[in-house]
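Everything on this sheet refers to the single structure shown next.
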Amino acid sequence: MLRLFPAKFNGRTLLSHPPKPLLRLAFLFYPLLRSSPKCYSLVSETSLQFQPISSDHCDPLLSTLLVALKSSSSVSSCRAIHARVIKSFDYRDGFIGDQLVSCYIKMGCTNDAEKLFDEMPNKDFVSWNSLVSGFSKRGHLASDEGQYIHCCAVTLGMMSEVKVVNALINMYGKFGCTDSAFRLFWEMPEPNMVSWNSMVAVCTQNGIPNEAINYFNMMRMNGLFPDEATMVSLLQAFEILPLGRLVEAIHGVIFTCGLNENLTIVTTLLNLYSKLGKLIASHKVFAEISKPDKVAWTAMIAGYAMHGQGKEAIEFFERTVREGMEPDHVTFTHLLSACSHSGLVEEGKYYFRIMSDVYRVQPRLDHYSCMVDLLGRCGLLNDAHHLIKHMPLEPNSGVWGALLGACRVYGNINLGKEAAENLIALDSSDPRNYIMLCNIYSAAGLWSDASKVRTSMKAKKLIRNPGCSFIEHGNKIYRFVVDDYSHPDSDKIHKKLEELMRKIQEAGFVSETGSVLHDVDEEVKTKMINKHSEKIALAYALLVTSADVPIVIVKNLRICRDCHNTAKFVSLIEKRAIIIRDSKRFHHFSDGLCSCGDYW
DNA sequence: GTAGGGTTAG
């Protein structure tokens with residue numbers, strides 16, 4: 001039986017009559033308290049031990065409950081406990097007030113958080129930090145609000161506090177204001193470990209991996225030894241800067257430092273190998289984890305999904321569930337995405353059904369996106385549209401984007417238009433939405449409509465993100481854009497490309513000019529398409545790599561149909577394994593076929 | 001000897 005508040009614990013007298021509302025709370029949330037590592041010391045196997053230190057007996061237990069509440073990921077528990085706390089007490093100040101603000105933010109009740117924060121009479125720098133970090137982590141802070149908070153911190157004399165500056169650095173990082181983050185960091189008299197780690201993270205999150213590595217090196221030169229957070233952020237830098245050999249070197253360092261027992265680091269490494277196209281290496285890393293957790297095995301499923309290995313993802317899922325793993329919403333997102341990337345329609349429908357029926361995981365927007373993608377892939381555009389119209393949540397850009405992608409493949413102009421209009425209504429500043437719509441019109445030969453879309457893009461001053469391809473060779477990364485002549489060996493590369501195109505045309509390859517947006521002659525179109533960055537990278541790879549290693553190309557945008565087809569032919573004719581990672585997934589080409597089954 | 005704010009993984 002659960003005993004609450006024993007009279008004595010370790011020889012000390014404990015509170016014998018705790019306030020009744022608290023007693024009810026403690027009973028209700030006993031499992032929650034037990035599951036929170038930070039509160040574990042307060043809660044033994046059989047009883048809830050409680051020892052007040054202040055004259056106000058409510059505070060310690062309520063604080064413990066609130067801390068447990070924050071560390072729990074259960075939103076329903078959050079709401080329940082929060083409702084009861086508010087009913088029984090009215091705390092606006094000090095410790096409890098700060099905790100409540102954090103809880104509100106965690107639950108997504110940003111208005112309540114702000115209201116309470118405004119009402120708090122004695123805000124100190126801890127209160128401010130709770131607010132800043134909570135809001136910036138969840139993207140609930142606008143840039144000017146951030147600057148206002150920075151001003152407050154300065155006027156209230158909080159800038160001497162390292163934790164405050166660290167919170168501001170991270171806030172600016174989340175806004176993409178790297179310059180402000182840099183300035184704050186370099187003005188700090190004594191940055192600590194978290195400050196350095198924050199800088200590495202800020203650089204990684206803002207797509208400047210070289211800078212992340214620089215900060216890492218500077219940190220080492222300052223005599224600091226990297227910890228878990230450093231390694232995770234550093235590893236993530238290599239997602240953008242795919243220097244495979246350097247990653248293997250870092251893997252070695254992780255091993256020799258004994259960090260290979262650290263689940264967080266190892267999971268990041270596993271995920272990184274997947275993203276670099278090395279699924280076998282991911283699997284090896286996973287196999288060496290002694291006690292993989294939910295995050296680690298979800299990462300493995302995500303790896304299979306990315307590489308279009310749906311059957312393997314399902315097998316893996318079923319095996320681990322049998323071993324007692326409890327899947328959550330992220331697990332199902334990747335499992336459904338695996339089904340969709342492999343065209344496993346029936347399996348996808350099955351898992352979508354049982355995720356709530358059997359595993360009690362309610363479908364979220366990501367799951368609906370996967371389902372729309374899954375249905376769209378096999379041409380069931382009306383079913384996909386029906387699902388969107390009848391889903392219980394408000395469809396977001398992911399859901400409409402999945403439909404638009406399917407419309408592009410199947411050339412459905414009407415639905416495509418609807419999807420694109422919804423997308424543009426949701427976010428009129430994302431050039432990709434306009435480009436997709438433009439693509440659909442162009443493919444259907446509706447040049448005047450396509451041109452209207454281009455005009456509205458121009459009017460909004462939206463610039464198309466230029467496509468580029470990366471390839472690693474001899475410890476260097478080479479970047480190619482369309483019609484690129486920047487490489488010193490450009491003449492050779494373009495000669496090789498022309499030769500390659502001639503060869504595959506002889507084997508039956510026909511250019512697919514539908515991917516070219518511009519309303520120009522077929523001949524000009526073919527010329528433009530033949531100089532796409534991934535084709536140049538491919539020709540370069542054929543020139544400099546040996547025949548036995550797979551060619552790995554990384555592209556920032558999605559691969560176009562023509563380049564996809566080219567890679568298929570080249571894999572057949574040159575007898576080479578080609579791996580292309582585009583912005584959405586991996587394509588493994590061999591013997592004239594692609595792992596994506598021509599749908600992406 | 002207890003409890004709060006700053007960095008990191010699917």
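So you know, we letter chains A, B, ... as the sequences are listed, proteins then strands, and number each from 1. Atoms considered below: every heavy atom in the structure, side chains included; atoms not considered: hydrogens, waters and symmetry mates.
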What nucleic acid atoms does [X] come within less than 4.0 Å of, heavy atoms only: base, sugar-phosphate, or nothing?
X	result
A/Val162	base
A/Gln236	sugar-phosphate
A/Thr331	base
A/Asp293	base

Return no unless some side-chain N or O of [X] is found under 4.0 Å from OP1 or OP2 of [N].
X	N	value
A/Gln205	B/dT8	yes
A/Ser198	B/dG6	no
A/Lys137	B/dT7	yes

* **Proximity of A/Phe352 and A/Phe332 rings by center, below 6.0 Å** => no

* Is the centre of the A/Trp196 ring less than 6.0 Å from the centre of the A/Phe216 ring? ->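 No.
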
Expressed in angstrom and rounded to an integer, what is the separation of [X] atom [atom1] from [N] atom [atom2]?
X	N	atom1	atom2	result
A/Glu239	B/dG10	CD	P	8 Å
A/Ile250	B/dA9	CD1	P	16 Å
A/His283	B/dG10	NE2	C1'	15 Å
A/Asp98	B/dG6	CG	P	11 Å
A/Leu234	B/dA9	CG	C1'	14 Å
A/Asp366	B/dG10	CG	C1'	13 Å
A/Leu141	B/dG6	CG	P	14 Å
A/Phe317	B/dG10	CZ	P	19 Å

* **DNA chain B contacts made by residues 260-275 of chain A, counting heavy atoms under 4.0 Å** =>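 Within this stretch, A/Leu263, A/Thr264, A/Thr267, A/Thr268, A/Asn271 sit under 4.0 Å of the strand.
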
Tell whether [X] reaches the base of [N] with its side chain through a donor-acceptor pair below 3.5 angstrom.
X	N	result
A/Ser130	B/dG5	no
A/Asn166	B/dG5	no
A/Asn129	B/dG4	no

Using the ring of each side chain (for Trp, its six-membered ring), is [X] parallel, tilted or perpendicular to [Y], with breaks at 30° and 60°?
X	Y	answer
A/Trp297	A/Phe316	tilted
A/Tyr215	A/Trp186	tilted
A/Tyr304	A/His283	tilted

Between [options], spot the one nearest the side chain of [X], thanks.
X	options	result
A/Ala302	B/dG10, B/dT8, B/dG5	B/dG10
A/Ala229	B/dG5, B/dG10, B/dT7	B/dT7
A/Asn197	B/dG5, B/dT8, B/dT7	B/dT7
A/Val126	B/dG10, B/dG6, B/dG5	B/dG5

* **Between A/Thr204 and A/Ser233, a side-chain donor and acceptor under 3.5 Å** =>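 Note: A/Thr204 and A/Ser233 side chains miss the donor-acceptor criterion.
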
* To do: Output every pair passing salt bridge (charged side-chain N to carboxylate O under 4.0 Å, His left out) with a member in residues 263-286 of chain A, not counting sequence neighbours, ordered by first then second residue.
  => A/Glu239-A/Lys275, A/Glu248-A/Lys278

* Kindly check if the number of other-residue, nucleotide or ligand heavy atoms within 6.0 Å of CZ (A/Arg138) is above 12? =>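 Yes - once you tally the heavy atoms of other residues, nucleotides and ligands closer than 6.0 Å, there are more than 12.
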
